[in-house]
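What's counted below: heavy atoms across the whole structure, side chains too, no hydrogens, waters or symmetry copies. Reminder, nothing fancy here: chain letters follow the sequence lines and each chain counts from 1.
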Amino acid sequence: MKLSRYHLPTLKEAPAEAEVISHKLMIRAGMIRKLASGIYSLLPLGVKVVRKVENIIREEMNRAHAMEVFLPSIQPAELWKESGRWDFYGKELLRITDRHGREFCYGPTHEEVITDIVRRDVRSYRDLPLNLYQIQTKFRDEIRPRFGVMRGREFSMKDAYSFDADDESANRSYIDMKKAYNAIFTRMGLNFRAVEADTGQIGGSFSHEFMVLANSGEDTIAHCDKCDYAANVERVELLPPKEISDGTPLPVEKVETPGKKAVEDVAEFLKLPASQFIKTLIFKTDTEQEFVAVLTRGDHEVNEIKLSRTIGANEIALASDEDVEKITNAPTGFAGPIGLPIPIVADNAVAGIKNGVTGANKKDTHIKNVNMARDFKNATLADIRNAIEGDACPRCDGGKLTMRKGIEVGHIFKLGTKYSESMNATFLNKEGKSRPMIMGCYGIGVGRSAAAAIEQNNDENGIVWPPAIAPFEVIVISLGKACDEVEKAADGIYKALQDSGLDTAFDDRNERPGMKFNDADLIGYPVQVIIGKRGLAEGVVEIKTRKTGEKKNVPMENTIVAVTGILEELIKAKKP
RNA sequence: CGGGGCGUAGCGCAGCCUGGUAGCGCGCCUGCUUUGGGAGCAGGAUGCCGGAGGUUCGAAUCCUCUCGCCCCGACCA
């Protein structure tokens with residue numbers, strides 16, 4: 001591709017709205033442009049990258065016996081009402097009404113549609129297993145889109161759905177997909193981990209997230225320093241503390257803590273560690289009780305997903321200040337478990353606190369020497385907090401958890417029969433009995449994968465693409481002018497590289513060298529072949545490796561071999 | 001949805017407090033020179049100052065409303 005004919009609007013400065021590096025670089029490199037909040041157009045260079053990602057995905061999905069389909073992006077409400085998600089999916093589901101007043105939604109995911117397709121035509125265990133996938137644009141009306149295509153509202157996703165006759169076969173399908181995902185992200189040149197995850201709104205029995213390790217990631221993953229356990233912090237099953245408080249509880253004592261509300265403030269004021277505190281939060285829920293008091297250790301955080309599951313709520317939120325005052329008879333910041341008129345759920349770790357400090361349900365007052373076993377026996381114990389650095393590994397003995405940030409690029413779920421039952425996707429088994437199919441679903445964020453690759457591969461000059469998903473594998477930079485000797489030589493090399501099967505760009509623009517070099521570094525072609533007057537006189541070209549910055553002169557006739565060699569090495573270096 | 005911030009040329013920003021000719025850098029166009037890391041000189045174009053209403057002789061500037069965007073939080077793949 002000749003850049004003189006390519007739409008490649010690079011920018012020296014990034015728009016102020018871009019926050020993370022991948023967003024800035026995708027805009028600057030001329031890959032994307034924003035249309036509205038969370039909605040982006042892909043420019044030619046962006047399309048090139050996305051196609052490469054998609055093709056890797058297609059090849060590995062096909063290899064795993066999945067078949068590509070293409071489902072509608074607009075879906076009728078009836079299907080969603082049938083699965084029960086029309087009411088449960090909430091405001092993220094973009095609902096549309098057509099001219100006749102019929103209700104539709106822009107698909108945020110396609111379980112309903114695919115289940116409908118399969119239930120129509122699949123009747124027998126002989127037709128199973130079946131795995132269908134598509135690459136489609138989805139829309140989820142995120143509360144707060146951010147970070148460019150990393151968390152857009154409209155985004156491209158590969159989603160696959162498996163249907164099996166029995167549990168064993170379903171597990172095999174799941175494992176096959178897990179393998180395919182490992183192959184996909186490895187080929188893309190990403191540094192990633194598969195971690196145990198929560199199933200969220202998709203539902204199902206177990207799941208793994210594929211996380212690209214990057215400090216800008218929005219998710220935190222915990223992994224064990226002794227075994228290979230890794231999980232999303234939200235998901236980590238925490239063990240109850242080994243020691244339950246028995247000791248000798250001291251008599252309860254009220255202390256004045258004027259104006260000290262946050263745990264850190266009170267801790268500093270009383271000169272006690274935060275772990276000695278019992279934090280009391282009041283949540284409003286959609287359960288019968290409406291309000292619930294939640295206790296965690298002062299240095300722990302409530303995990304709302306675990307909490308919802310524990311109390312059987314669909315929606316929970318922190319109670320308003322007014323509600324807190326009504327329930328505790330005190331301003332916020334002084335709530336405590338003793339004497340509360342609402343149900344209390346305590347995190348397992350709270351049982352291990354000896355002589356702890358809590359709010360007194362009275363303004364400017366806390367209580368010391370509180371012990372669960374004596375002072376608030378009515379509380380229910382459960383695992384309702386996020387893991388923190390140093391927590392014990394739930395899988396091995398003596399392992400400690402450490403934390404890393406990650407970007408979720410893929411998520412696989414074993415769904416079980418959630419959708420097949422609600423939507424009647426059944427088949428006849430060998431015995432002639434009707435059974436619901438066992439389903440799995442498997443997603444990959446296409447644009448997000450590209451963005452994650454940039455998060456992981458960039459430097460002060462721009463993007464450093466892994467070769468497999470670079471928009472072009474190599475760029476030929478001519479330092480000559482239109483039609484002069486240098487440009488003719490460059491053109492010859494460009495054609496030779498292209499004929500050899502390399503995806504090659506040719507910067508034949510009538511621009512100054514500095515401009516071309518900076519653009520090439522910004523866009524991040526893995527290899528640059530530079531042809532100038534000086535080198536031409538000696539019959540050599542300069543070859544620069546973007547990743548290392550290393551430059552070397554190579555006889556012109558060896559260009560292809562040299563470029564191929566560098567690309568191979570870059571790919572090899574990525575493999576663990 | 002709560003808190004904070006921003007809308008002025010394609011992009012980055014100043015001007016607003018204290019009302020009176022709309023500016024700077026980059027980019028863009030023309031010409032000449034230049035050509036191995038975002039060139040130099042000369043000339044040029046570009047603005048419903050997000051929108052509506054109000055105050056005023058006069059509004060980018062003050063007031064009200066509205067729309068859009070960004071950040072933090074809650075939420076989420």
What string of B, S and - do you get for nucleotides 22-35 of chain B 5' to 3' if you count protein non-hydrogen atoms under 4.0 Å? ---BS-------BB
Base, sugar-phosphate alone, or nothing: which one does A:Gly443 contact when heavy atoms must sit under 4.0 Å apart? nothing
Across all strands shown, which nucleotide pairs with [N] by Watson-Crick or G-U wobble geometry, both distances under 3.5 Å?
| N | value |
| --- | --- |
| B:C28 | B:G44 |
| B:G23 | B:C13 |
| B:U56 | none |
| B:G2 | B:C72 |
| B:A39 | B:U33 |

OP1 or OP2 of B:C72 under 4.0 Å from side-chain N/O of A:Arg146: yes
OP1, OP2 of B:G36 versus side-chain N and O of A:Lys544: anything below 4.0 Å? no
Nearest 0.5 angstrom please: A:Met31 CE to A:Leu25 CG, how far?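 Between atom CE of A:Met31 and atom CG of A:Leu25 there are 9.5 Å.
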With sequence neighbours excluded, give me every ring-ring contact (aromatic ring centres under 6.0 Å, His included) pair touching residues 12-32 of chain A. A:His23-A:Tyr40
Determine which pairs satisfy salt bridge (Lys or Arg N to Asp or Glu O under 4.0 Å) with at least one residue from residues 153-162 of chain A, sequence neighbours left out, and list them in order. A:Lys138-A:Asp159, A:Asp141-A:Arg153
Please give, in whole Å, the distance from B:C69 P to A:Glu19 CD?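 Answer to the nearest Å: 17 Å.
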